[in-house]
*Asks:* 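One structure, pasted below without further comment.
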Amino acid sequence: MSQADKMQERGTITPRAENYSQWYLDVIREADLAEPAEVVKGCMVIKPNGYSIWQQIQRDLDDRFKETGHKNAYFPMLIPMSFIEKEAEHVEGFSPELAVVTHAGGKKLEEPYVIRPTSETIIGYFFSKWIQSWRDLPLLINQWANVMRWELKTRMFLRTGEFLWQEGHTAHASHDEAMVEAQKMLGVYADFAEQVMAMPVVKGDKSETEKFAGAERSMTIEAMMQNGMALQSGTSHDLGQNFGRAFDVRFQNRDGELEYVWQTSWGVSTRLVGGLIMTHSDDSGLVLPPRLAPVHVVIVPIYRKAAQRAEVLGAAEKIAAELRAQTLYGRRLDVEVDDREEYKPGYKFYYWERRGVPLRLELGPRDMESRQVMARGRTGTFAEKQAWSWDGLSEKVLSMLEAMQGELLESARARREEMSVQVDDYDQFKSYYGEGRSRFSYAHWCGDAACEAKIKEDTKATIRCIPWEREEESGSCMVCGKPSKGRVLIAKAY
RNA sequence: CGGGGCGUAGCGCAGUCUGGUCAGCGCGCCUGCUUUGGGAGCAGGAUGUCGGAGGUUCAAAUCCUCUCGCCCCGACCA
């Protein structure tokens, strides 16, 4: 029986080609990452395996924010309703998805609280208390928090009622400085996505219609999922003085004049975990880049008799100890010895495979003789089983993991290239977005919201961003024919 | 929020049309023995308020009403 048939029989993972959405859910279930909260609409339970991936993400990003001079803080989850209403576009953008607390302590509240959908307003309020002088600037704050947006349609990790994220909020003395900050943080995200998640992204500006509610300018990193759809994976906003005005956040400049601060905000969320799944995983389950894998290496001992068992396990633990002393990208290797007696090796192979462990080492009686292990990587070059000597094993493991990290990025890049096109003819463009299909199209657009709306209307695809790295190229808008200075990225999006 | 689909054991499902030995199957789980280099075999065993609440009926997983949740497709969003 083929592996696919077996899986079918076990009802485990639907092949991607058959039903991509179902595959996504199957991978999450089989890797034990999360499950729907069931009793709480639109929310999810992030299980230990899923949460530890998020923690790896947090750890890496948090270090990066420290390097860029940001300090962590925490603001209340409840925000007075009136705060949200202070910035006109902000209210308009968020009011449909607010959850509101109207009663507490057994009494109706005088003023309802909203559960934060994002914290610009309450942070604006406190910034106004903390900032008096140009000497207080820049103020660089980050918050790790949960937020709630009452979504109509949810999908685990990609869009849930409550989600975990990080929101950076900064205040500056000049617009230029704020712009630099917002761009810099988008760069931090892009570098993180590519180097750590092995997920290539396109950096760019959001169109006017796709902008964050209350921002002057929104920037985004867009990643391509295996089905050609785009995932907005991180955003960074130049808030101008909009929240400064709304919350009276003023400082005295060097000339002694009172001026509103210039603010930014930027965030990434647990959505990244969804992006990770849909970038690398396959029909056998989860695939994790080593830099984010909660377990780097699993050692599966193989033995027949009790005497062998003691010997093999002894050697396995010794190897594990040696590996655990190694560091990969500044993190100790996490090594698991699967010494469960209830399961046979074959079962364990599949078990760790669908959980995305990058490297498996088998150690059995034959290997004891020849002082070697049988190594098999989760994907790529190392997916062919090969024998590695105990001598120099640590180096071998480290270099394999590094290579895999690189390969994942390369194959994600290659796939993206394959599914990207430059297109000038609108009919041809439309043909790319039939039922369930998507890709990255680069096309000329005049900048007019009407043409943008028409594209969406006709194809469900949207302008994901105006890429930063694009050639100046005069052309004519694919829709209306008016002049355009360059191509924009268009795709269906999650 | 509109259209469609689905909730039956941990997972995947049959049974619903045509109410009545329908509380069932596969995997998983438990016990024992034999096994262990890609999902072990045999024997025995446990597990369900059939998503929830009402109703119709002598009788409801099955019919009716309401409700909650999930999935897919749209409109809105990280």
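None of these values were measured; they are calculated from a predicted model. Order of the sequence lines fixes the chain letters, A, B, ..., with proteins taken first and strands second; residue numbering starts at 1 for each chain.
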*Asks:* Please determine, for the side chain of A/Pro345, which listed nucleotide (B/C72, B/G37, B/C76) has the closest atom?
*Replies:*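 Out of B/C72, B/G37, B/C76, the nucleotide with an atom closest to A/Pro345's side chain is B/G37.
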*Asks:* Using only heavy-atom distances, decide whether a donor-acceptor pair under 3.5 angstrom links the side-chain of A/Arg376 to the base of B/G38.
*Replies:*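 Side chain to base: pair found, below 3.5 Å.
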*Asks:* Give A/Thr235 one of three labels, base, sugar-phosphate or nothing, depending on what nucleic acid heavy atoms sit under 4.0 Å from its own.
*Replies:*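 Counting heavy atoms under 4.0 Å across all strands, no contact is made by A/Thr235.
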*Asks:* Does the cation-pi check pass for A/Arg360 over A/Phe349, that is, NZ or CZ under 6.0 Å from the six-membered ring centre and within 45° of its axis?
*Replies:*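 Yes, A/Arg360 and A/Phe349 form such a contact.
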*Asks:* Determine the contact category for A/Gly267: base if any of its heavy atoms lies under 4.0 Å from a base atom, sugar-phosphate if only primed atoms, P, OP1 or OP2 are that close, otherwise nothing.
*Replies:*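 A/Gly267: no heavy atom of the nucleic acid under 4.0 Å.
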*Asks:* Between B/G37, B/A78, B/C72, which one does the side chain of A/Glu362 approach most closely?
*Replies:*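 From the listed options, B/G37 comes nearest.
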*Asks:* From CZ of A/Arg159 over to P of B/C72, roughly how many Å is that when rounded to an integer?
*Replies:*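 Taking atom P of B/C72 as the reference, CZ of A/Arg159 is at 12 Å.
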*Asks:* Which one, B/C76, B/A78, B/A40, comes nearest to the side chain of A/Lys456?
*Replies:*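 Side chain of A/Lys456 sits closest to B/C76.
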*Asks:* Side-chain contact, heavy-atom cut-off 4.5 Å: A/Trp165 with A/Val147?
*Replies:*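 Answer yes - side chains close enough.
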*Asks:* Going by centres under 5.5 angstrom and planes under 30 degrees, do the aromatic ring of A/Phe349 and the base ring of B/G38 stack?
*Replies:*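 Aromatic stack with B/G38 absent for A/Phe349.
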*Asks:* Base, sugar-phosphate or nothing for A/Arg155? Non-hydrogen atoms, less than 4.0 Å.
*Replies:*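 If one applies the 4.0 Å heavy-atom cut-off, A/Arg155 turns out to touch the sugar-phosphate alone, with no base involved.
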*Asks:* On the side chain of A/Arg360, is there an atom forming a donor-acceptor pair with the base of B/G38 - under 3.5 Å, no angle test?
*Replies:*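 In this structure, the two groups form a donor-acceptor pair.
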*Asks:* Nearest-nucleotide wise, let me know which of A/Lys305 and A/Asn19 is further upstream toward the 5' end of RNA chain B.
*Replies:*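 Its nucleotide being nearer the 5' end, the pick is A/Lys305.
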*Asks:* With a non-hydrogen cut-off below 4.0 angstrom, is A/Lys153 in contact with a base, only sugar-phosphate, or nothing?
*Replies:*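 Answer is base: heavy atoms of A/Lys153 come under 4.0 Å of a base.
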*Asks:* So if I take every side-chain heavy atom of A/Phe163 and compare against B/C70, B/C77, B/A78, which nucleotide ends up nearest?
*Replies:*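 Between B/C70, B/C77, B/A78, the one nearest the side chain of A/Phe163 would be B/A78.
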*Asks:* Would you say A/Tyr125 has more than 12 foreign heavy atoms packed within less than 6.0 Å of its OH?
*Replies:*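 Not buried by this count: 12 neighbours or fewer within 6.0 Å.
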*Asks:* Taking atom types as modelled, is there a side-chain donor on A/Thr264 or A/Glu181 under 3.5 Å from an acceptor on the other?
*Replies:*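 Result is no, nothing qualifies.
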*Asks:* Using atom P in both nucleotides, what's the gap between B/G4 and B/A78 to the nearest angstrom?
*Replies:*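 29 Å, rounded to whole Å.
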*Asks:* Just compare B/G38, B/A78, B/G39 and give me whichever is closest to any side-chain atom of A/Arg354.
*Replies:*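 Given the options B/G38, B/A78, B/G39, the side chain of A/Arg354 is closest to B/G39.
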*Asks:* Take the protein atom CG of A/Asp26 and the nucleotide atom C1' of B/C13, then report the distance between them rounded to whole Å.
*Replies:*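 Value for this atom pair: 14 Å.
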*Asks:* Could you check A/Leu363 against A/Ala37 and say which one's nearest nucleotide on RNA chain B is further toward the 5' end?
*Replies:*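 Whichever sits nearer the 5' end wins; that is A/Leu363.
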*Asks:* Considering every strand shown, what is the Watson-Crick or G-U wobble mate of B/G26 when both distances are under 3.5 Å?
*Replies:*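 The answer is B/C11, by the H-bond criterion.
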*Asks:* With C1' as the reference atom in both, quote the distance from B/A43 to B/U56 in angstrom, rounded to an integer.
*Replies:*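 Taking atom C1' in both B/A43 and B/U56, they lie 48 Å apart.
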*Asks:* Using the P atom in both, what is the distance from B/G74 to B/C66, to the nearest Å?
*Replies:*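 So the two P atoms sit 28 Å from each other.
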*Asks:* Measure NZ/A/Lys41 against P/B/C71 and give the value in whole Å, please.
*Replies:*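 That distance rounds to 10 Å.
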*Asks:* Touch check for A/Leu158, heavy atoms < 4.0 angstrom, all strands: base, sugar-phosphate only, or nothing?
*Replies:*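 It contacts base atoms.
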*Asks:* Between A/Arg116 (side chain) and A/Ile122 (backbone), is there a donor-acceptor pair under 3.5 Å?
*Replies:*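 Flag not set: sc A/Arg116 to bb A/Ile122 has no pair under 3.5 Å.
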